[in-house]
Amino acid sequence: MAVFVRRYGTLLGIVLVIGYFWLELPNTFLTERNLLNISQQMSMLAVVAGTMTVVMAMGDFDLSVGSMASLSGIVAALVFISGGSTLTAIAAALLCGLVGGLINGFLVSYVGILPFIATLGAMTVYGGLAFKLSGGETLFGAAIPRGFSEFARRGVPLPSTGVVLPNLTLIAAATIVSVWGLLEQTVVGRRIYAIGDNAEAAGLAGVRVRPLRLAAFGIAGLGAAGAGLMYASRVASANPTQGAGLMLDAIAAVFLGQTMTEEGEPKVLATLAGVLILGVLGNGLTQMNVDSYVRDILTGSIVIAAVAASSFGKTKGR
């Protein structure tokens, strides 16, 4: 029973959550329209959590991704306001995320600051910059191109089905596939997991620990910037607190995914399952008009229960 709970507890939780909302919302929950809506709603989280998996596979984490998403959205909006093109705004936002991620990686890898301290400080700095650049206000208006603001509301139709896959869902899928390919199908991915298992032993075996750790944080920064752009496109504006909830949800999704793997390692497809739990939970509670703080309580409780079930299985297996 202990082994069953450890291996399948989180998966069973997904089924129970979906089943509950299906019974409570029989006419709206498991409809094609709502399922596509869920995929779109959780796309930003999927991008951040997917790229966060790379960092957490090395035994680190990044607390600054939410602030970085907000800052990147502000940077894009400022480029639009100054008369820049869509490509320029996207490039500036992604560069902002990459530089921010590399700064985090440099502080952790080369300066030797603990990830918690380094990224906590970076979170504060990036959040402050977002408020400074925006003046503490939401940036919107005619300066934001219509094509950019409508991108999130458009999609790609599937032939002969009538189904339109949202653009944001496709971006999230491409991110997950890319991270899966990196971690599971390349030598770099095996080295990343080796660092996560034992960084010192990996270094003695010839793995270049510092550059890989630097690159991992850079990838997380890019993911945060991408999510910031997705948010800005979806609401046709940029706000200095727009990505505030991403960090905790992303870490929660990765932890939920870890409970589903045999070795307890971060795996991007397992992380996607964690994202699905949080996405379905948020959508169902919203349809039931449940207050947002209840969602926070349930999210925290689910993470604790999943990790406890995983630890219970390990303890009983000894």
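Throughout, numbering of the chain's residues begins at 1 and tracks the sequence.
Counting only heavy atoms from C-beta outward, the side chains of F217 and T119 approach each other to under 4.5 Å. When side chains are defined from C-beta on, N104 does not count as touching V108, because their heavy atoms never get closer than 4.5 Å. Side-chain atoms of D62 and M52, non-hydrogen and from C-beta on, do get closer than 4.5 Å to each other. At a threshold of 4.5 Å between non-hydrogen side-chain atoms, the residues T241 and F131 count as touching. Under the 4.5 Å side-chain criterion, counting only non-hydrogen atoms from C-beta, I74 is not in contact with L129. For the pair M56/T53, no side-chain contact is recorded, criterion being any heavy-atom separation below 4.5 Å from C-beta on. The shortest distance between side-chain heavy atoms of I219 and L182 falls below 4.5 Å. Residues N37 and N34 have side chains in contact (heavy-atom distance under 4.5 Å, counting atoms from C-beta outward).
For R153, the CZ atom is densely surrounded, since the number of other residues' heavy atoms within 6.0 Å is greater than 12. Summarising the local packing, CD of Q185 is surrounded by more than 12 heavy atoms from other residues, nucleotides or ligands at distances under 6.0 Å. No more than 12 heavy atoms of other residues, nucleotides or ligands lie within 6.0 Å of OH in Y20, so this atom counts as exposed by the packing criterion. Atom OH of Y193 has more than 12 neighbouring heavy atoms from other residues, nucleotides or ligands inside a 6.0 Å radius.
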Practice problem: Check the pair D296, L248 against side chain to side chain contact (heavy atoms under 4.5 Å, CB included), reporting the backbone distance first and the verdict last. | Solution: CA-CA 10 Å; D296 294 335; L248 289 177; over 6 Å; no

Self-check item: side chain to side chain contact (heavy atoms under 4.5 Å, CB included) between L246 and Y231, intermediate numbers included
Solution: CA-CA 11 Å; L246 278 175; Y231 267 123; 3.6 Å; yes

Practice problem: List the steps, then state whether side chain to side chain contact (heavy atoms under 4.5 Å, CB included) holds for L71 with C96. | Solution: CA-CA 8 Å; L71 177 59; C96 175; 3.8 Å; yes

Exercise. Starting from the C-alpha separation in whole Å, work towards a yes-or-no answer on side chain to side chain contact (heavy atoms under 4.5 Å, CB included) for V268 and L272.
Key: CA-CA 6 Å; V268 71; L272 183 59; over 6 Å; no

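T51 contributes a side-chain N or O that, together with a main-chain N or O of V48, makes up a donor-acceptor pair within less than 3.5 Å. Put simply, the side chain of T124 gets close to the backbone of L120: a donor and an acceptor are under 3.5 Å apart. Side-chain atoms of S233 come within 3.5 Å of backbone N or O of A152 as a donor-acceptor pair. Judged purely by atom type and a 3.5 angstrom limit, S72 has no side-chain atom pairing as donor or acceptor with the backbone of A69. Between the side chain of R210 and the backbone N or O of S109, at least one donor-acceptor pair lies under 3.5 Å. Judged by distance alone, the side chain of Y126 and the main-chain N or O of S64 form no donor-acceptor pair under 3.5 Å.
Taken from CZ in R295 to CG in L285, the straight-line distance is 8.0 Å, to the nearest 0.5 Å. Note that OG of S134 and CD of Q242 are 10.5 Å apart. Values are rounded to the nearest 0.5 Å. Between the CG atom of L35 and the CZ atom of R33 there is a distance of 12.5 Å, given to the nearest 0.5 Å. Note that CG of L168 is 6.5 Å distant from CZ of F151, once rounded to the nearest 0.5 Å. We find the OG1-CZ distance between T271 and F255 to be 10.5 Å, quoted to the nearest 0.5 Å. Rounded to the nearest 0.5 angstrom, I171 CD1 and I176 CD1 are separated by 13.0 Å.
In the hydrophobic cluster analysis, where Ile, Leu, Val, Met, Phe, Trp and Tyr join through side-chain heavy atoms closer than 4.5 angstrom, I18 is grouped apart from L269. Using a 4.5 Å cut-off between side-chain heavy atoms of Ile, Leu, Val, Met, Phe, Trp and Tyr, with links allowed through other members, M42 and V235 fall into different hydrophobic clusters. Hydrophobic clustering (ILVMFWY, side-chain heavy atoms < 4.5 Å, transitive): L139 and M230 are in one cluster. Criterion: ILVMFWY side-chain heavy atoms under 4.5 Å apart, direct or through other members. Under it, F116 and V125 are part of a common hydrophobic cluster. In the hydrophobic clustering of ILVMFWY residues, with side-chain heavy atoms under 4.5 Å counting as a link, L281 and Y293 come out together.
Annotation for N239 and S70: closest pair O-CB, 3.9 Å, computed over non-hydrogen atoms. Residue L214 comes nearest to G105 through the heavy atom pair CD1-C, 3.6 Å, listed as atom of the first residue, atom of the second, then distance. When all heavy atoms are compared, the tightest approach of L36 to V164 is CD1-O, 3.7 Å. Minimum heavy-atom separation, L229 to A76: CD2-CB, 3.7 Å. Closest approach of F148 and I144 over heavy atoms only: CD2-CG2, 3.9 Å. The two residues L63 and M123 come nearest to each other via the heavy atoms O-SD, 3.4 Å.
Using the six-membered ring where Trp is involved, F21 and F29 have ring planes that are tilted, between 30° and 60° apart.
Judged by distance alone, the side chains of S85 and T88 do bring a donor and an acceptor atom under 3.5 Å apart.
The side-chain contact (heavy atoms from CB on, under 4.5 Å) test with V54 is passed by exactly one of L212, D60, I192: I192.
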